[in-house]
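In the text below, chain A, chain B and the rest are named by the order of the sequence lines, each starting its count at 1.
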2 protein chains.
Amino acid sequence: MDFQFDIGARLKAMRSAAGLSQRQLAERANVPHAQISNVEKNKVSPSVSTLRRILSGVGVSMADFFEPEREVPPGPFFEADQLLDLTSKIAVNAIGEGTGRMAFRQIGDARSHNLQILHEVYEPGADTGETLLQHPSSEGGYVVEGELEVTVDSEIRVLRAGEAYLFDSRQPHRFRNPSDNRTIVISACTPPYL
Amino acid sequence: MDFQFDIGARLKAMRSAAGLSQRQLAERANVPHAQISNVEKNKVSPSVSTLRRILSGVGVSMADFFEPEREVPPGPFFEADQLLDLTSKIAVNAIGEGTGRMAFRQIGDARSHNLQILHEVYEPGADTGETLLQHPSSEGGYVVEGELEVTVDSEIRVLRAGEAYLFDSRQPHRFRNPSDNRTIVISACTPPYL
DNA sequence: ATCGTCCGGTCATTATCTTAAACATTCCTG
DNA sequence: CAGGAATGTTTAAGATAATGACCGGACGAT
């Protein structure tokens, strides 16, 4: 999680792709043109607010700007510690008022393979709440250890180790660990959630 | 291009999802804990370098952090000016040493529909160069106006208005406007490039 | 109650970014 | 060649963010 690209070079590339001079961009973005120069030459690390204004001038979002910094896991084989931890990301993007500790770790590059396989850990009581993202995708999983209460579109079922589920993720769904022990699930989803 | 979320709230959510205190995160991220507090309370707009350090502590990339800011076009109908301008993004991410002016505008939300339809404009001489991204996807297009020289895996062909192409984008490919007039193409790709 | 430790928040100082104005270059054009 | 208009760069000021020390509250253990 530490590759970083050359912000200045990237901004410069985007600016010239848009066919703008530093001054033209500065006007659109409502920043002094010196700042464009400073950022492009990496003389400063701009504040988020400044960078946002600048990028608005070339019609690029922050997310798109930093896209290349995304970690691209290697493969096709992964050590246990090479799984990509998506806990914070999923917890904030996909889960509503989840409670309790849980962890999600992804195998490889879900995007390019169009397949997201996750190793999921639910501590006792952990609850995703009603899942926010309801993708047009398919989703299934296998309970490796412990118990998992799965709710799909008003059907509730407690799955134990060895049992499994599979459904269309457009249906509202929710996961919970109703037991006093840790629950471990391996799940798969295509196309990927995030 | 101007929705902005609450950076502080988002960081806080991610931090607690990771089960860390401000001080714990501060140590991991190598930042004074006061700064975590300041950022979470939106007392400052952190510099990119600072935010990057903080996010490394929760294992989230900049791109992921700003993901929700991405523009999600409405639909299912789009006015001409509602097409999403991807010029800078594509030019920098997908195209190598392209030359000349070109523009790419996307119809709707390619990701969720798994289908990317683009309105492409090539000014005279515009050349994508060898395309960098060679996705496992399919790609086709129709020349609406002007001429387009398409190179696919060593096959070269000049298409005129009314003609079209379709190929597997894993093959190396390249587009060029060899004429003195503007060229307009409507293309489609699944799954999307970006 | 009284430590000890953790928590998040605040303060003054320092370092950094931001700004506007001046500067240097190039490329036209008369 | 001189003037003009564009370009990107540097400068010195003012504004803002980053830092480390400090504060009061919450919680447990003694």
Self-check item: Counterpart residues, side-chain hydrogen bond (donor to acceptor under 3.5 Å, both in side chains), relative to A/T183 (two or more places apart)
Solution: A/N177

Self-check item: pair B/R105-B/L118: side-chain heavy atoms closer than 4.5 Å
Solution: no

Self-check item: Interatomic distance where CG belongs to B/N42 and C1' belongs to D/dT16 [whole Å]
Solution: 15 Å

Quiz item: Who pairs with B/E139 by salt bridge (charged side-chain N to carboxylate O under 4.0 Å, His left out), at least two apart in sequence or on another chain?
Solution: none

Practice problem: Would you kindly check if the NZ (Lys) or CZ (Arg) of B/R10 is within the cone defined by 45 degrees around the ring axis of B/F65 and under 6.0 Å from the six-membered ring centre? | Solution: yes

Quiz item: Where along residues 15-35 of chain A does a heavy atom fall under 4.0 Å from DNA chain C?
Solution: A/P32, A/H33, A/A34, A/Q35

Quiz prompt | Euclidean distance, atom NZ of residue B/K41 to atom C1' of D/dA17 [Å, nearest integer] | solution = 17 Å

Quiz item: Taking C-beta and beyond as the side chain, do A/Q22 and A/E40 meet within less than 4.5 Å on heavy atoms?
Solution: yes

Quiz item: Under 4.5 Å between any side-chain heavy atoms of A/L20 and A/E27, yes or no?
Solution: no

Quiz item: How long is the line joining CD1 of A/I36 and C1' of D/dT9, in whole Å?
Solution: 14 Å

Exercise. Scan B/V44 against the nucleic acid and name what it touches under 4.0 Å (heavy atoms): base, sugar-phosphate only, or nothing.
Key: sugar-phosphate

Practice problem: Let me know the distance between CD of B/E40 and P of C/dT10, rounded to the nearest Å. | Solution: 13 Å

Quiz item: Does the side chain of B/S37 get closer than 4.0 angstrom to OP1 or OP2 of C/dG9 through an N or O atom?
Solution: yes

Practice problem: Quick one: which residue pairs count as a salt bridge (charged side-chain N to carboxylate O under 4.0 Å, His left out) with a foot in residues 152-164 of chain A, not counting sequence neighbours? | Solution: A/E147-A/R160

Quiz prompt | Below 4.0 Å: OP1/OP2 of C/dT18 and any side-chain N or O of A/T50 | solution = yes

Self-check item: Short side-chain N/O contact to D/dG8 OP1/OP2 from A/K12, under 4.0 Å
Solution: no

Self-check item: Nearest to side-chain heavy atoms of A/R53, which nucleotide of C/dT10, C/dC17, C/dT19
Solution: C/dT19

Quiz item: Does OP1 or OP2 of D/dT9 have a side-chain N or O of A/K43 closer than 4.0 Å?
Solution: no

Quiz item: Quick one: stems for DNA chain C, with Watson-Crick or G-U pairs under 3.5 Å, at least three in a row?
Solution: C:1-16 with D:15-30, C:19-30 with D:1-12

Quiz item: Roughly how far, to the nearest 0.5 Å, is the CE atom of B/M14 from the NZ atom of A/K89?
Solution: 8.5 Å

Quiz item: With sequence neighbours excluded, what pairs up with A/D168 under the side chain to side chain contact (heavy atoms under 4.5 Å, CB included) test?
Solution: A/R170, A/Q171

